[in-house]
Structures are given as structure tokens and as C-alpha cells.
Student: 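My structure is below; once you've seen it, I'll send some questions.
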Amino acid sequence: MPGPIPGYPDSLQPHVAAVLLESFLYGLYVILFSVSVLTLRRKVHQWPLLSMSLAMFVLATADIGFTIGVLFVKQFKQNLKLDDLRPRYFLCVTNNTIANLLTFYRCCHIWRMQKSIVAGTCIFLILTTICGYTTISLVQYVWVSVLINMIFNVVTTGLTAGRLWWLIRVSRAMLGEAVITQYKNAAYFILESGILYTIYVLFALASQRLTYVNVMLDTGLVQIFGMIPTWMTVHSAFKKSMTSECMFSQQ
């Protein structure tokens with residue numbers, strides 16, 4: 001007997017497990033977002049980052065509410081249809097677009113707005129966004145959008161971390177050892193965050209034919225899309241504060 005949606009499991013258990021997984025991730029996200037607000041609220045120049053973090057958190061909150069609503073209203077009654085999930089795909093794409101904007105901003109900022117970097121990553125960002133919103137009506141090709149987003153993040157993460165390592169190499173004599181250590185930690189953190197994001201997305205893509213696993217990982221994507229950039233924003237703010245303190249202590 002085929003399920004209500006092609007590729008989705010018939011039984012209720014994997015859907016309940018998916019909601020529990022997303023609820024767990026959302027709980028972590030609440031803690032992370034609270035820390036970001038406390039860290040950035042008094043820094044005037046960080047308000048654009050805080051605004052985007054707030055937008056992602058609002059979308060993630062809407063998503064968890066929508067997912068729970070779909071579970072109780074539709075899935076319990078075994079009448080879940082594909083059109084019922086389209087709003088969730090819209091939330092996912094929009095959240096990921098904001099996350100990509102944060103990644104784009106961080107990459108261009110590290111590269112001091114070099115025209116070639118800004119132009120290249122901007123074109124990539126536009127293509128990624130167009131692909132994301134196009135697949136909302138072509139759900140069978142959502143994996144293409146997820147793959148392109150992953151490639152975008154791998155490229156921008158590599159550019160950002162690579163630039164930091166280059167700055168460490170050429171500025172070692174001018175900067176103190178404490179500041180160099182902060183730059184190294186920042187580069188490591190960016191790479192680790194990018195790797196965590198990539199691993200999760202790869203698992204989600206690799207589990208396309210494992211319906212029980214895929215429905216769980218797919219449900220958590222919206223939370224992951226918001227958590228990683230927020231986590232990196234918080235770390236960046238802490239890094240700047242610590243760097244300023246180190247430079248003040250050296251004077």
C-alpha cells in the first residue's frame with residue numbers, strides 16, 4: 001500500500017521520531033540564540049548580524065510549530081499530502097538563504113570586499129537562492145538544491161578559513177602571539193563548523209532511499225541551517241572581544 005507521499009514511510013513512528021529530533025535540535029537552538037542575543041545586543045555594529053540571527057530563529061520556530069501541527073492534524077489521520085509540506089519547504093529555503101547571506105557577508109568581510117571574491121560568491125549565492133525557491137514546486141529535486149547549498153558553504157568556508165591562514169602567515173611579525181592564537185582558533189572553528197554542516201547534509205543526501213532515516217534528517221535541516229551560522233556569529237563576537245583585550249594588554 002503506497003504512502004500518502006511518495007518516498008515517505010506509511011507508519012507513524014518515524015514521523016514522531018523526526019519531530020522529537022527536531023524538538024531536541026530546537027532546544028539547543030534556543031540556548032544558542034539566547035547566548036547570541038546576550039553577546040550582540042550591546043554591540044551597535046553587530047545589529048545586522050543579530051537581525052539575521054533573529055530572522056532565522058523566527059523561521060526555525062515557525063517550522064517546529066508547523067511540523068508538530070502537521071503531525072497531529074494530518075499524519076495522525078493518515079491524510080498527509082504533498083501540498084501540506086510546501087510551506088515547510090518555503091521555510092527551509094528562506095532560512096537557508098539568510099544563512100547563506102551570513103556566510104557570504106563573513107567571507108567578503110574577511111577578504112576586505114575584494115571585487116573578484118564579492119562578484120564570484122554573489123553570483124553563486126544568487127544561483128543557489130534561485131535553485132532553492134525553484135525546487136519548492138519541484139519537490140523531487142529538492143536534493144539538488146541541498147547539494148548546491150552544501151557546495152556553496154564548502155567554497156565560502158574554504159575561502160574564509162584560507163584567508164585567515166594567509167593573514168596569520170603574513171602578519172605574524174606585526175601581531176602578538178596572543179592575537180595569532182585567536183586567528184588560528186577562529187580558522188579552526190570555521191573549518192569545524194563547515195565540516196559539521198557538510199557531514200549532516202551528506203548524511204541527509206545519502207539517506208534518500210532509506211525513508212525512515214531520511215525523514216528524520218530532512219526534518220532537522222531547518223534547525224541546522226540556522227544553528228551553524230548563529231553559532232559562528234557568537235564565536236566571532238567572542239573572538240573580537242578577546243582579541244581587543246589581548247591587544248589592550250600588550251599596549
Side-chain angles (χ1 to χ4, degrees), residues 3-41 49-103 129 132-140 142-143 145-146 149 196-197 200-201 203-204 207 211-234:
I5 299 177
Y8 265 55
D10 297 334
S11 60
L12 187 62
Q13 289 84 351
H15 295 281
V16 174
V19 170
L20 291 176
L21 173 62
E22 185 175 10
S23 299
F24 171 74
L25 292 174
Y26 180 73
L28 296 178
Y29 195 2
V30 169
I31 297 172
L32 189 61
F33 178 73
S34 300
V35 173
S36 73
V37 171
L38 293 173
T39 305
L40 300 176
R41 64 190 176 91
L49 297 180
L50 183 58
S51 299
M52 285 191 279
S53 295
L54 175 61
M56 288 190 295
F57 181 73
V58 169
L59 290 170
T61 302
D63 180 76
I64 185 69
F66 179 82
T67 302
I68 293 173
V70 165
L71 176 69
F72 284 97
V73 176
K74 294 289 185 179
Q75 190 59 35
F76 277 167
K77 298 179 181 179
Q78 294 293 312
N79 64 348
L80 182 64
K81 306 299 180 184
L82 184 60
D83 286 341
D84 296 328
L85 295 179
R86 293 196 192 279
R88 189 172 185 279
Y89 286 116
F90 177 81
L91 291 173
C92 184
V93 172
T94 304
N95 207 10
N96 194 41
T97 299
I98 299 173
N100 286 342
L101 283 171
L102 272 173
T103 306
T129 304
Y133 282 105
T134 300
T135 54
I136 293 176
S137 57
L138 300 171
V139 178
Q140 66 271 28
V142 165
W143 66 271
S145 173
V146 174
N149 272 286
L196 286 174
Y197 171 89
Y200 188 97
V201 173
F203 271 115
S207 64
T211 54
Y212 280 34
V213 177
N214 181 249
V215 74
M216 292 180 62
L217 294 177
D218 181 65
T219 303
L221 275 175
V222 175
Q223 306 301 326
I224 294 296
F225 287 158
M227 287 174 66
I228 297 296
T230 302
W231 184 22
M232 297 182 75
T233 300
V234 171

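Every heavy atom of this structure was used, including side-chain atoms; hydrogens, water molecules and symmetry mates were not.
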Student: Would you give the length of the straight line joining atom CD1 of Ile98 to atom OG1 of Thr230, rounded to the nearest 0.5 angstrom?
Tutor: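 Those atoms lie 10.0 Å apart.
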
Student: Mind listing the closest non-hydrogen atom pair of Arg86 and Ile136 along with its distance?
Tutor: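 Distance-wise, the nearest heavy atoms are NH1-O, 2.8 Å.
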
Student: Any chance the side chains of Tyr26 and Thr61 put a donor and an acceptor closer than 3.5 Å?
Tutor: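 Yes.
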
Student: Can you measure from CG (Leu50) to OG (Ser36) and round to the nearest 0.5 angstrom?
Tutor: 6.0 Å

Student: List the residues meeting side-chain hydrogen bond (donor to acceptor under 3.5 Å, both in side chains) with Thr94, not counting sequence neighbours, and say none if there are none.
Tutor: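 Thr94 satisfies side-chain hydrogen bond (donor to acceptor under 3.5 Å, both in side chains) with Tyr133 once adjacent residues are dropped.
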
Student: To check you understand the geometry: which heavy-atom pair defines the closest contact between Thr135 and Val142, and what is its length?
Tutor: O-CG2, 3.8 Å

Student: Are any of the side-chain heavy atoms of Val146 and Val201 separated by less than 4.5 Å?
Tutor: yes

Student: Please examine the side chains of Asn100 and Asn149, heavy atoms only from C-beta on, and report whether any two atoms are closer than 4.5 Å.
Tutor: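 Touching, per the 4.5 Å side-chain cut-off.
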
Student: Salt bridge (Lys or Arg N to Asp or Glu O under 4.0 Å): which pairs involve residues 220-233, sequence neighbours left out?
Tutor: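 Sorted pair list comes back empty.
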
Student: Nearest 0.5 Å please: distance from the CD1 atom of Ile224 over to the OH atom of Tyr29.
Tutor: 10.5 Å

Student: Counting only heavy atoms from other residues, nucleotides and ligands, does the tally under 6.0 Å from CZ of Phe90 exceed 12?
Tutor: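 Open: at most 12 neighbouring heavy atoms sit under 6.0 Å from CZ of Phe90.
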
Student: Can you run down the salt bridge (Lys or Arg N to Asp or Glu O under 4.0 Å) pairs that involve residues 57-69, sequence neighbours left out, and say none if there aren't any?
Tutor: Asp63-Arg88

Student: Give a yes or no on whether the backbone of Phe225 and the side-chain of Asn96 come within a donor-acceptor separation of less than 3.5 Å.
Tutor: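 Checking the backbone N and O of Phe225 against the side chain of Asn96, no donor-acceptor pair under 3.5 Å is found.
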
Student: If I take atom CZ from residue Phe24 and atom CD from residue Gln223, how far apart are they, to the nearest 0.5 angstrom?
Tutor: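 Nearest 0.5 Å value for the CZ-CD distance: 12.0 Å.
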
Student: Supply the atom-to-atom distance Ile228 CD1 to Leu32 CG, rounded to the nearest 0.5 angstrom.
Tutor: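 Nearest 0.5 Å value for the CD1-CG distance: 8.5 Å.
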
Student: Of all heavy-atom pairs between Ala99 and Pro229, which one has the smallest distance, and what is that distance?
Tutor: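 Scanning both residues completely, I find the closest heavy atoms to be CB-CG, 3.5 Å.
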
Student: Should Thr219 and Val19 count as side-chain neighbours, where that means a heavy-atom distance under 4.5 Å?
Tutor: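 Not touching, per the 4.5 Å side-chain cut-off.
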
Student: Can you name the closest pair of heavy atoms from Val93 and Gly132 and give their distance?
Tutor: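 What the structure gives for the nearest pair is CG2-O, 3.4 Å.
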
Student: Report the distance from atom OH of Tyr200 to atom CG of Leu25, rounding to the nearest 0.5 Å.
Tutor: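 It comes to 6.0 Å.
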
